[in-house]
Visitor: 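One structure, pasted below without further comment.
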There are 2 protein chains.
Amino acid sequence: MTHPNATATRPEVAAVSCTHSDTTARFFRALSDPTRLRLLEFILAAERTSAECVEHVGISQPRVSVHLSCLADCGYVIARRDGRKLRYSVGDPRVAELVTLARALAADNAAALDCCPRIPPKSSANGDAR
Amino acid sequence: MTHPNATATRPEVAAVSCTHSDTTARFFRALSDPTRLRLLEFILAAERTSAECVEHVGISQPRVSVHLSCLADCGYVIARRDGRKLRYSVGDPRVAELVTLARALAADNAAALDCCPRIPPKSSANGDAR
DNA sequence: TCGTAGTATTCGGCAAGGCGGATAAGTCAA
DNA sequence: TTGACTTATCCGCCTTGCCGAATACTACGA
């Protein structure tokens with residue numbers, strides 16, 4: 001599913017509205033998790049196997065499997081069978097564009113970008129953070 | 001504040017690593033909420049007051065206030081006083097670029113983009129969706 | 001000064017979603 | 001077919017973060 005390229009889309013602003021926002025937000029959500037983003041960046045650099053991904057991010061294999069499936073469903077990466085392994089790669093060059101652009105913006109605002117520091121001033125005890 | 005260009009920021013994929021990912025993920029998180037994304041798109045089209053934003057998204061004023069503060073902290077929008085109102089606008093052209101790019105990608109993958117439909121097959125009762 | 005409009009913060013509640021561990025399901029070599 | 005290996009699903013647990021309502025704070029006008 002999801003033919004990798006085939007795309008022809010070109011950036012065209014305007015014509016927003018609609019529940020298009022919901023879909024796009026969903027799209028962003030996939031990248032809003034540090035682990036998934038790390039995985040995407042890792043795969044962006046080169047084709048990777050699941051095992052490599054597991055080692056790279058350091059969480060359990062089942063979790064990585066879910067994350068990779070998520071990235072694949074969203075069209076960020078493509079899975080390819082190689083023997084009994086799966087190799088993941090990024091098929092759409094716009095993905096790199098998107099990440100690069102976001103990284104640039106984030107870097108510029110990194111200063112104030114504790115983002116939503118106002119939201120979780122709750123909680124108590126528990127010093128384990130993560 | 002926040003000079004649009006200013007800092008380096010040149011597209012260079014790979015060679016990322018670092019906890020840069022965390023910051024960037026944080027950045028994406030701001031756009032991963034449909035309400036916030038809707039607000040950003042709304043403001044992207046024209047400068048808006050808080051009241052307009054509240055009406056546009058249809059949730060409580062306190063919530064909108066938090067969302068707008070979040071967007072401002074992340075550098076997506078800029079707040080400007082006008083009388084006793086606040087007017088929000090987008091100061092960095094790259095924000096529009098980012099949204100446009102994401103929208104294009106999301107549209108292309110919208111088909112399979114139920115994104116993480118595999119994650120919440122739990123729960124029961126309660127048919128209130130979201 | 002006081003009153004009002006506009007904005008921000010606090011609070012309790014609740015769903016979404018990330019995590020590890022156990023385990024099922026699929027894939028290939030002998 | 002069996003066994004080894006790789007990947008995906010299920011499970012309970014727990015944190016994150018969104019929500020409305022109440023309310024405090026701030027800026028401006030009279």
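Sequence lines set the chain letters: A, B, ... in the order given, protein chains first and strands last, and positions in each chain run from 1.
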Visitor: Closest to the B:Arg81 side chain: D:dA27, C:dA22, C:dG18?
Guide: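 For B:Arg81, the side-chain atoms sit closest to D:dA27.
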
Visitor: With heavy atoms under 4.0 Å as the rule, sort A:Ser65 into base, sugar-phosphate or nothing.
Guide: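 Base: the residue A:Ser65, judged by heavy atoms under 4.0 Å, touches a nucleobase.
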
Visitor: Is the base of D:dA4 touched by the side chain of A:Arg84 through a donor-acceptor pair closer than 3.5 angstrom?
Guide: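 Yes, the side chain and the base share a sub-3.5 Å donor-acceptor pair.
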
Visitor: Side-chain contact test, heavy atoms from C-beta onward, threshold under 4.5 Å: evaluate it for A:Arg103 versus A:Glu41 and give yes or no.
Guide: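 In contact.
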
Visitor: Does any part of the side chain of B:Ile43, heavy atoms only, come nearer than 4.5 Å to the side chain of B:Cys53, both counted from C-beta?
Guide: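 Yes, side chains in contact.
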
Visitor: Is B:Arg80 positioned over the aromatic face of B:Tyr88, cation under 6.0 angstrom from the ring centre and no more than 45 degrees off axis?
Guide: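 Judged by the rule (NZ or CZ under 6.0 Å from the ring centre, within 45° of its axis), B:Arg80 is not positioned above B:Tyr88.
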
Visitor: Between B:Arg38 and A:Asp22, is there a side-chain heavy-atom distance shorter than 4.5 Å?
Guide: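 Heavy-atom side-chain distance check passes, below 4.5 Å.
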
Visitor: Please state whether the phosphate of D:dT7, meaning OP1 or OP2, lies under 4.0 angstrom from any side-chain nitrogen or oxygen of A:Ser50.
Guide: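 Yes, within the criterion.
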
Visitor: B:Tyr76 vs B:Leu44, test: side chain to side chain contact (heavy atoms under 4.5 Å, CB included). Steps then yes/no.
Guide: CA-CA 9 Å; B:Tyr76 286 116; B:Leu44 212 40; over 6 Å; no

Visitor: Take the protein atom CZ of A:Arg29 and the nucleotide atom C1' of D:dC18, then report the distance between them rounded to whole Å.
Guide: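 Distance check: A:Arg29 CZ to D:dC18 C1' gives 10 Å.
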
Visitor: If you compare every side-chain N and O of A:Ser32 against the phosphate oxygens of C:dG18 (OP1, OP2), does one of them come in below 4.0 Å?
Guide: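 Checking C:dG18 against A:Ser32, no side-chain N or O comes under 4.0 Å of OP1 or OP2.
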
Visitor: Would a single hydrophobic cluster contain both B:Val90 and B:Leu39, if residues Ile, Leu, Val, Met, Phe, Trp and Tyr are joined by side-chain heavy-atom contacts under 4.5 Å?
Guide: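 B:Leu39 clusters together with B:Val90.
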
Visitor: Closest approach to the side chain of A:Gln61, judged atom by atom: which nucleotide of C:dC11, D:dT7, C:dC19 is it?
Guide: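 So the side chain of A:Gln61 is nearest to D:dT7.
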
Visitor: Which whole-number value in Å describes the distance from B:Phe28 CZ to C:dG17 P?
Guide: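 Value for this atom pair: 18 Å.
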
Visitor: Just checking A:Thr49: base, sugar-phosphate only, or nothing, at a heavy-atom cut-off of under 4.0 Å?
Guide: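 No contact.
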
Visitor: If an axis is fit to five pairs at each end of the helix from C:dT1-D:dA30 to C:dA30-D:dT1, what is the angle between the two, to the nearest 10°?
Guide: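 Helix axis angle between the two ends: 30°.
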
Visitor: Whole angstroms only, please: what is the NE2-C1' distance between A:His67 and C:dC19?
Guide: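 Roughly 8 Å, once rounded to whole Å.
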
Visitor: Students often get this wrong, so: under 4.0 angstrom with heavy atoms, is A:Leu68 touching a base, only sugar-phosphate, or nothing?
Guide: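 Nothing, no heavy atom under 4.0 Å.
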
Visitor: Just how far, in rounded Å, is P of D:dT7 from NZ of A:Lys85?
Guide: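 Checked: the NZ to P distance equals 7 Å.
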
